[in-house]
Amino acid sequence: MNYFIKAIVSLLKEKTNLQEDEIEKLIEIPPDLKMGDYAFPCYNLSKTLKKPPNIIATELSKTLQATINENLLESPFKKGGLSGITEIKAIGPYLNFFVDKAIFSEMVLKKVSKERDRYGSGNIGLGKPVVIDYSSPNIAKHLAVHHLRSALIGNAIYNVYKTLGYQCVGINHLGDWGTQFGQLIAAYKKWGNENAHESYTVTDLNNLYVKFHQEAEKNPVLEDEAREWFKKLEAGDTEAKEFWQRFKDISLKEFHKIYDMLGIHFDAFIGESFYNTMVEDTIARIKGKGLAKVSEQALIVDLEPYNMPPCLLRKKDDATLYATRDIAAAEYRKKTHDFDKMIYVVGSEQKLHFKQVFKVLELMGDDWANHCVHVDFGLMKFKDGKMSTRKGKVVLLEDLLIDAVERIGKIIEEKNPSLENKDVVANEVGIGAVIFADLCTKRNKDVVFDWDEVLNFEGETGPYVQYTHARLCSILRKYGKPVTTDINYELLSEDEAIILIKNLGRFPSVILKAAELYEPSLICNYLIDVCGNLNRFYNAHRVLSDDEELTKSRILLVDATRQVIKNGINILGMHAPEQM
RNA sequence: GCGCCCGUAGCUCAGCUGGAUAGAGCAACGGUUUCCUAAACCGUAGGUCAGACGUUCAAAUCGUCUCGGGCGCACCA
């Protein structure tokens with residue numbers, strides 16, 4: 001709660017019968033600057049007071065205004081009357097409060113200036129470990145655009161939580177186990193070129209995978225062979241394991257390359273296979289609790305009482321399933337990290353799966369089961385349907401990234417040919433465009449992948465935000481002197497400045513909300529908003545001028561805005577180049 | 001069939017723990033550069049907030065139903 005809201009709450013508390021938190025909840029920001037800085041709707045009071053809300057607003061405005069004038073409460077500020085509130089006015093059913101703009105500006109700008117890179121951060125997470133599971137692609141397949149969402153959302157949430165002081169553990173839960181490895185081994189044994197395996201790439205593995213599915217349709221025996229190989233793998237067969245390790249190495253090499261391009265960080269790459277040794281123990285304990293039973297030759301946990309289909313632990317051929325491994329993994333992670341919260345950033349098509357897994361954990365007596373959250377997100381698809389690795393119907397992530405960087409390179413050549421480090425900047429902006437485009441929509445919506453849309457760099461885009469930041473850096477460079485908070489805050493009185501400053505003050509609460517809702521898009525929208533505010537200010541007022549006092553004031557605003565944009569950009573996992 | 005998610009301007013989306021005239025961007029049209037990066041800014045045009053009923057002083061926002069789209073529902077992950 002900021003200072004002014006606190007003041008308003010304390011004023012209203014005396015004159016109404018409402019509780020502090022009730023009042024705070026009701027306080028809102030008027031849609032127009034001219035209507036005031038904060039507003040209190042009087043509809044609720046009209047019920048208890050049995051009077052129309054506009055009458056109540058008028059009466060309250062009179063008594064409160066009188067309080068201000070008498071200066072009954074002590075104010076930490078010399079000017080601006082009571083607590084920096086200058087006027088209280090009724091507009092229709094609303095009680096509107098005007099605050100001293102200079103005081104407000106001073107508070108916000110000094111805070112940003114003082115906290116710098118830490119502005120927006122907090123300490124609510126101090127001493128609380130959070131495990132975040134994101135990206136988690138399957139081995140032996142290319143990373144494609146539909147893999148972006150988990151990786152980017154997860155990475156951003158990681159940064160948000162870290163900003164709030166949480167001790168984050170980012171885990172890439174590689175899909176390196178399961179029947180598909182049996183398929184791959186079977187395919188490799190049949191059609192793979194052993195002599196050339198040294199130079200194998202994910203493309204070769206993927207071709208094998210595609211071929212397997214084509215052939216298996218004609219010849220179902222192949223599926224049995226694949227199952228056989230997977231059973232061998234699970235049993236620790238040397239030959240099977242050797243193939244598996246090979247596939248894994250090939251994949252990881254490519255994954256790392258792309259994660260590096262995207263700037264995505266993980267603290268650990270621990271695949272499903274890692275939990276293979278624990279699975280038996282997990283099943284034994286589930287059985288021990290009397291939760292497991294055999295049904296249709298498979299081992300299940302019946303979730304009928306909870307209106308869910310059963311959770312499958314073991315197939316009829318004895319092989320385990322991913323639910324089993326997820327349960328084992330969750331318990332292992334709890335043991336090793338003692339997390340306060342565990343976040344799974346996985347597509348919404350797995351909603352039921354996680355509901356089942358969390359329920360089984362709960363039934364097992366893991367009282368932390370409700371600290372696990374599935375942060376789901378909508379499907380990415382093409383205009384004409386779902387993306388599918390199996391059908392080879394994908395846009396490879398690498399291709400998209402390279403294309404984005406190239407296009408930005410051309411734009412730089414066109415608009416700023418004398419720029420230094422063009423390649424570096426093209427990378428930061430091109431990749432940033434892709435990141436921002438993906439993070440920008442609320443995660444629960446399905447997104448249709450549109451090449452032109454992702455690679456459009458005007459309007460509400462990553463490059464727009466980065467460009468705004470670069471412009472501000474440019475002004476500061478030209479100014480060339482140290483920025484000071486010792487300025488005349490009265491000079492920042494234009495509407496464009498006030499709106500901007502108000503928004504800068506909101507930043508910490510945006511981060512908090514993004515954490516609470518696991519919603520990086522809030523930060524994207526916020527940045528777009530701030531950049532719009534800034535660009536409007538920039539367009540209407542010159543920062544550098546002969547008027548030294550005015551210049552000093554505006555420079556502080558420029559520097560604070562630059563800082564906020566940079567902090568936001570970084571949390572999203574993007575770079576903020578100083579020139580572009 | 002059952003469950004979950006989505007449906008706001010031609011397109012992509014904000015707004016959704018109810019509140020003051022429903023906001024941006026793209027696309028279209030018109031304008032702004034002797035001036036801090038025009039990747040910007042301003043203006044014009046564009047809306048039965050899918051539809052119906054209900055709750056409320058007040059509904060894009062909450063509830064029920066209908067329609068349309070997506071996803072999931074036992075041996076893939």
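Every chain is numbered from 1 and lettered A, B, ... according to where its sequence line falls, protein lines coming before strand lines.
Proximity of the aromatic rings of A:F358 and A:Y344 is defined here by a centroid distance below 6.0 angstrom, and this criterion is met. For an aromatic pair to be called close, the ring centres must be under 6.0 Å apart, and A:Y275 with A:H173 satisfies this.
Separating the CD atom of A:E349 from the C1' atom of B:A77 is a distance of 9 Å, rounded to the nearest angstrom.
Residues satisfying the side chain to side chain donor-acceptor pair (under 3.5 Å) test with A:K502, not counting sequence neighbours, are A:D37. Partners of A:E413 according to the salt bridge (charged side-chain N to carboxylate O under 4.0 Å, His left out) rule, which considers only residues two or more places apart in sequence or in another chain, are A:K422. The side chain to side chain donor-acceptor pair (under 3.5 Å) search around A:N172 returns A:Y259, not counting sequence neighbours. Residues satisfying the side chain to side chain donor-acceptor pair (under 3.5 Å) test with A:E496, not counting sequence neighbours, are A:H541. Remark: A:Q180 pairs with no residue by the side chain to side chain donor-acceptor pair (under 3.5 Å) rule, at least two apart or across chains. With sequence neighbours excluded, no residue forms a salt bridge (charged side-chain N to carboxylate O under 4.0 Å, His left out) with A:R471. Looking at residues two or more places apart in sequence or on another chain, you find a salt bridge (charged side-chain N to carboxylate O under 4.0 Å, His left out) between A:D403 and A:R407. Legend: residues meeting salt bridge (charged side-chain N to carboxylate O under 4.0 Å, His left out) with A:E223, ordered by chain and number and at least two apart, are absent.
In summary, the side chains of A:T468 and A:N535 do present a donor paired with an acceptor at a separation below 3.5 Å, with no hydrogens or angles considered.
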Identify each atom pair where a protein N or O and an N or O of nucleotides 12-15 of chain B are less than 3.5 Å apart, giving names and distance.
from  : atom 1 : to     : atom 2 : distance (Å)
B:U12 : O4'    : A:E453 : OE2    : 3.3
B:U12 : O2'    : A:E453 : OE2    : 3.0
B:A14 : OP1    : A:K442 : N      : 3.0
B:A14 : OP2    : A:K445 : NZ     : 2.9

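When heavy atoms are screened at a 4.0 angstrom cut-off, A:G178 is found touching the sugar-phosphate backbone but no base atom. Residue contacts for A:L472: at a heavy-atom cut-off of 4.0 Å it reaches no nucleic acid atom on any strand shown. Residue A:P309 is in sugar-phosphate contact alone, with no base atom involved, counting any heavy-atom pair closer than 4.0 Å across all strands shown. Among the protein residues, A:L26 comes within range of no part of the nucleic acid, since none of its heavy atoms lies under 4.0 Å from any strand. Residue contacts for A:P30: at a heavy-atom cut-off of 4.0 Å it reaches a base atom on one of the strands shown. If you check every strand for non-hydrogen atoms under 4.0 Å, A:K351 touches sugar and phosphate atoms only.
Using atom C1' as the reference point in both B:C16 and B:G7, the two lie 14 Å apart (nearest Å). Between the P atoms of B:C65 and B:A27, the separation comes to 42 Å (whole Å). Atom name P, nucleotides B:A9 and B:G51: the rounded distance is 10 Å, in whole Å. For the P atoms, the distance from B:A24 to B:U44 is 11 Å, rounded to whole Å. Here the separation of B:U64 from B:C2, taken at their P atoms, is 15 Å to the nearest Å.
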Name each donor-acceptor pair under 3.5 Å that joins a side chain in residues 548-555 of chain A to protein atoms two or more places apart or in another chain, with its distance.
from   : atom 1 : to     : atom 2 : distance (Å)
A:T551 : OG1    : A:S545 : N      : 3.2
A:T551 : OG1    : A:S545 : O      : 3.1
A:T551 : OG1    : A:S545 : OG     : 3.3
A:T551 : OG1    : A:D547 : O      : 2.8
A:S553 : OG     : A:N488 : O      : 3.2
A:S553 : OG     : A:E549 : O      : 3.1
A:R554 : NH1    : A:R542 : O      : 2.6
A:R554 : NH2    : A:E494 : OE2    : 2.6

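Helical stems of RNA chain B (runs of at least 3 Watson-Crick or G-U pairs, donor-acceptor distances under 3.5 Å) are listed by first residue: B:1-7 with B:67-73, B:10-13 with B:23-26, B:28-32 with B:40-44, B:50-54 with B:62-66.
Side-chain N/O atoms of A:N456 and base N/O atoms of B:A27 include no donor-acceptor pair closer than 3.5 Å.
Listed in residue order, the members of residues 529-536 of chain A having a heavy atom less than 4.0 Å from RNA chain B are A:N535, A:R536.
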